[in-house]
Amino acid sequence: MQREAVRELADLGQQLRVDAVRAAAAANSGHPTSSMSVADLAAVLLARHLHYDFDQPDHSGNDRLILSKGHASPLLYAMYRAAGVVDDEELLTFRRRDSRMEGHPTPRLPWVDVATGSLGQGLPVGVGMALAGKRLEHAPYRVWVLSGDSEMAEGSVWEAAEHAAYEHLDNLTLIIDVNRLGQRGPTRHGWDLDAYARRLKAFGWHTIEVDGHDVEAVDAAFTEASATRSRPSAVIARTRKGRGVAQVEDREGQHGKPLPDADAAIEELGGPRFVRVEVSPPPAAPTRRHPPCGQLDLPRFEAGDSVATRDAYGQALAALGSAREDVVALDGEVGDSTRTEFFAKAHPERFFECYIAEQQLVAAAVGLQARGYIPFASSFAAFLTRAHDFVRMAAMSRAGINLVGSHAGVAIGRDGPSQMGLEDLAMFRAVHGSTVLYPCDAHQTAQLVATMAELTGVRYLRTSRGGTPVIYGPDEEFRPGGSKVLRRGDRDRVTVVAAGITVHEALRAGELLDREGINVRIVDLYSVKPADAETLREAAQATGCLVTVEDHRVRGGIGDAVAEAFTDGRPAPRLVRLGVQHMPASASPEEQLHLAGIDAESIATAVRLLAERAVVR
């Protein structure tokens with residue numbers, strides 16, 4: 001590299017440092033020292049290796065850049081200023097209300113694909129993007145993930161490291177900013193670059209150790225990484241936190257704070273600069289356009305047949321994949337149970353086996369949707385709880401992902417509590433902007449699978465292990481926010497609200513109560529979020545008593561969803577919640593439902609008590 005080029009890169013690195021200091025000073029908060037350590041790496045990447053058209057963020061050939069150490073957002077925004085897409089005035093709105101320069105990056109900025117800041121997520125999501133480029137798009141772009149050293153302690157990083165090597169993702173480069181200092185003090189490995197290299201090599205990565213402030217060495221490392229074939233590369237860079245300002249450089253206690261004397265620091269760094277970088281354009285790449293949707297032929301079932309909703313899900317997903325080439329499926333090595341195996345057999349090129357790594361499963365779905373695909377990621381409902389932080393961050397990323405949890409509730413039977421999804425409805429209901437669906441029969445499941453592909457945000461579908469009777473026709477319509485009233489009469493005394501497996505128990509309870517002259521209304525609340533408040537309020541007005549029945553913990557699920565329909569100040573009905581309150585053990589499905597107090601006889605008993613009280617009152 002010529003001396004002038006070296007000087008220009010060093011100058012750009014100083015500009016990025018100064019701008020990080022200025023932004024944090026303007027906000028009186030932020031992480032400038034974490035930004036300063038990585039500035040030289042960022043300068044070389046931006047000026048010499050990133051291929052990106054900032055005027056066309058969706059260009060098919062654009063490289064993807066993920067700032068996994070999202071707290072170093074001042075550095076990212078400084079890069080955008082250097083590229084000419086953010087002006088100085090906007091840079092200094094950092095962390096202000098209504099500013100796009102948020103404390104941690106989000107897709108409010110068109111050049112940010114996913115939200116970051118919860119450490120350990122950048123590499124797993126980057127794996128999803130790299131999978132899209134290598135296996136689906138066959139596009140020339142490279143995925144660059146800029147990570148901190150502290151977050152290398154996260155287990156999700158190593159799920160991603162193994163998966164990237166297994167998939168031979170040579171279009172993926174991880175840059176580790178090894179600045180030695182974490183939030184409260186030194187990191188586990190300090191400046192021992194080989195400690196990181198040994199671990200990554202063991203997973204099958206190509207590693208390059210480098211002085212992160214030597215721009216010539218960094219340039220050579222990035223070139224080597226891009227030229228490596230058949231395996232991902234990691235550039236492991238030794239840096240100094242707070243580089244360039246003696247008062248904070250490599251000093252503890254400076255994390256997450258603006259510099260004590262920003263003006264003096266800026267002067268020490270050589271003052272403000274206004275270097276403009278002409279970022280290399282992406283190579284020509286065909287615009288990826290999915291063909292129009294074909295004919296969707298959802299599976300059909302015979303009325304009264306016993307069909308597991310997980311079976312209907314698998315068949316419907318395969319049919320959806322035949323109609324839409326943008327639909328992809330992912331699974332956590334339980335495809336024979338979740339029934340994604342149907343999709344895998346029909347569309348093997350769009351099926352991704354993530355093995356037993358649920359964080360990577362959800363992260364890959366987020367990465368794939370960022371590239372324009374519609375992912376359906378499936379596992380046991382109980383195991384998706386491991387990936388809750390990834391689901392939470394997916395919502396912040398404005399990500400459109402479909403998550404499907406099978407083997408829900410005590411109804412799975414003898415496997416015992418470790419396999420029972422009993423908290424999943426609560427978890428997904430709490431996610432911002434989520435849709436939560438719980439079908440009770442095969443046709444309802446199939447229709448909801450097709451509907452999910454058209455929705456936005458995080459969508460969750462809960463399926464059951466055992467067979468349930470087909471009670472709806474193949475042309476019945478089901479919309480998010482809707483419900484179905486399965487029994488209704490002018491003399492209804494109690495309303496039973498159920499979903500999934502308990503719908504059938506409620507119907508059997510209704511038959512038992514008919515013999516005693518007790519009329520009940522039964523509502524199938526297949527859309528748990530948003531819930532059909534209008535139907536619930538109408539039922540409450542008509543009967544005065546509501547019983548919710550769910551194969552789930554009594555907190556956070558259907559009972560709470562129903563209760564929320566009556567928080568607008570109007571008189572609330574008598575509300576009784578039946579759900580799982582004990583710690584289950586191994587037993588048959590029928591025994592499990594009875595022990596939990598959510599089988600037909602238990603429902604009928606609760607209704608009898610309510611009906612008697614209503615008469616006395």
Side-chain angles (χ1 to χ4, degrees), residues 303-304 306 309 409 411 425 437-445 447-448 462 464 466-473 476-479 481-528 531-552 554 557-563 565-566 573-579 593-594 596-614:
S306 181
T309 55
L425 295 179
L437 306 169
Y438 186 14
C440 72
D441 92 332
H443 283 136
Q444 191 177 66
T445 302
Q447 291 287 348
L448 289 175
R462 193 183 209 227
S464 299
T468 52
V470 176
I471 61 174
Y472 293 112
E476 190 95 26
E477 293 185 0
F478 304 94
R479 60 177 179 79
S483 66
K484 292 291 181 180
V485 180
L486 297 175
R487 287 174 54 112
R488 181 202 303 264
D490 294 337
R491 301 177 61 191
D492 293 340
R493 297 165 68 182
V494 175
T495 298
V496 177
V497 183
I501 196 77
T502 59
V503 168
H504 305 282
E505 297 299 322
L507 289 171
R508 283 192 280 273
E511 294 172 359
L512 293 174
L513 293 165
D514 279 345
R515 301 169 194 165
E516 303 169 28
I518 300 175
N519 299 323
V520 295
R521 183 169 301 192
I522 297 178
V523 177
D524 172 11
L525 197 73
Y526 64 83
S527 179
V528 181
D532 187 354
E534 182 178 351
T535 295
L536 293 171
R537 290 167 183 164
E538 179 185 342
Q541 185 173 4
T543 66
C545 301
L546 271 64
V547 178
T548 62
V549 192
E550 57 190 308
D551 193 358
H552 183 271
V554 291
I558 295 168
D560 280 0
V562 170
F566 302 96
R574 181 188 296 274
L575 181 60
V576 174
R577 305 183 192 193
L578 304 182
L593 293 173
H594 182 69
I598 56 176
D599 64 339
E601 184 54 48
S602 300
I603 297 169
T605 298
V607 170
R608 291 185 193 107
L609 290 171
L610 281 170
E612 288 176 5
R613 290 176 184 174

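Heavy-atom basis, side chains included; hydrogens, waters and symmetry copies ignored. By convention here, the first residue in the shown sequence is residue 1.
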J.: Could you work out, with side-chain contact (heavy atoms from CB on, under 4.5 Å) as the rule, every residue matching Ala509, not counting sequence neighbours?
T.: Ala600, Ile603, Ala604
J.: Give the minimum heavy-atom separation between Arg493 and Ala611, together with the two atoms involved.
T.: NH2-O, 3.3 Å
J.: Should we count CD of Glu601 as having more than 12 external heavy atoms under 6.0 Å?
T.: yes
J.: How many angstroms lie between OG1 in Thr309 and CD1 in Ile501, if you round to the nearest 0.5 Å?
T.: 7.5 Å
J.: Just jot down the side-chain contact (heavy atoms from CB on, under 4.5 Å) partners of Ala499, sequence neighbours excluded, or say none.
T.: Tyr438, Ile558
J.: Locate the shortest heavy-atom distance separating Leu578 from Ser602; write the atom from each residue and the value.
T.: CD1-O, 4.3 Å
J.: What I want to find out is whether Glu538 reaches Arg488 closely enough, with some N-O distance under 4.0 Å, to be called a salt bridge.
T.: yes
J.: Between the main-chain N or O of Ala411 and the side-chain N or O of Asp551, is there a donor-acceptor pair closer than 3.5 Å?
T.: yes
J.: By side chain to side chain donor-acceptor pair (under 3.5 Å), which residues pair with His594, not counting sequence neighbours?
T.: Asp599
J.: When rounded to the nearest 0.5 angstrom, what is the spacing between CG in Leu507 and CG in Leu512?
T.: 11.5 Å
J.: Just jot down the salt bridge (Lys or Arg N to Asp or Glu O under 4.0 Å) partners of Arg479, sequence neighbours excluded, or say none.
T.: none
J.: Side chain to side chain contact (heavy atoms under 4.5 Å, CB included) between Ile471 and His504: does it pass, once the steps are laid out?
T.: CA-CA 9 Å; Ile471 61 174; His504 305 282; 4.1 Å; yes
J.: Which atom names give the shortest non-hydrogen contact between Ala506 and Ile522, and what distance separates them?
T.: O-CD1, 3.2 Å
J.: Start with the C-alpha gap between Glu505 and Val549, add the side-chain angles, then the distance that decides, and say whether side chain to side chain contact (heavy atoms under 4.5 Å, CB included) holds.
T.: CA-CA 9 Å; Glu505 297 299 322; Val549 192; 5.9 Å; no
J.: Arg574 versus Leu610: any side-chain heavy-atom pair under 4.5 Å?
T.: yes
J.: Do NZ/NE/NH1/NH2 and the carboxylate oxygens of Asp441 and Lys484 come within less than 4.0 Å?
T.: no
J.: Checking Glu550 against Ile598 for the side chain to side chain contact (heavy atoms under 4.5 Å, CB included) test, could you report, in this order, the C-alpha distance in whole Å, the side-chain angles of both residues, the deciding distance, and whether it holds?
T.: CA-CA 7 Å; Glu550 57 190 308; Ile598 56 176; over 6 Å; no
J.: Who passes side chain to side chain donor-acceptor pair (under 3.5 Å) against Asp524, sequence neighbours left out?
T.: Gln444, Tyr472
J.: Ala540: what forms a side-chain contact (heavy atoms from CB on, under 4.5 Å) with it, not counting sequence neighbours?
T.: Leu546, Phe566, Pro573
J.: Taking only residues two or more places apart in sequence, or in another chain, which ones meet Glu516 in a salt bridge (Lys or Arg N to Asp or Glu O under 4.0 Å)?
T.: Arg608
J.: Using the salt bridge (Lys or Arg N to Asp or Glu O under 4.0 Å) criterion, which residues pair with Glu511? Sequence neighbours excluded.
T.: none
J.: Using the salt bridge (Lys or Arg N to Asp or Glu O under 4.0 Å) criterion, which residues pair with Arg491? Sequence neighbours excluded.
T.: none
J.: Run the side chain to side chain donor-acceptor pair (under 3.5 Å) test against Thr495 and tell me which residues pass, sequence neighbours left out.
T.: Thr543
J.: Is Ser483 reaching over with its side chain to a backbone N or O of Asp532, donor-acceptor style, under 3.5 angstrom?
T.: no
J.: List for me each residue that meets side-chain contact (heavy atoms from CB on, under 4.5 Å) alongside Gln541, sequence neighbours excluded, and say none if there are none.
T.: none
J.: Could you tell me which residues satisfy side chain to side chain donor-acceptor pair (under 3.5 Å) with Asp560, sequence neighbours excluded, listed by chain and number?
T.: Arg577
J.: Write down the atom of Leu448, the atom of Pro439, and the distance for their closest heavy-atom approach.
T.: CD1-CB, 4.0 Å
J.: Taking all non-hydrogen atoms of both residues, which atom of Cys440 and which atom of Gly500 are closest, and how far apart?
T.: CB-O, 3.2 Å
J.: Minimum heavy-atom separation for Ala531 and Ala561, please, with both atom names.
T.: CB-O, 4.3 Å
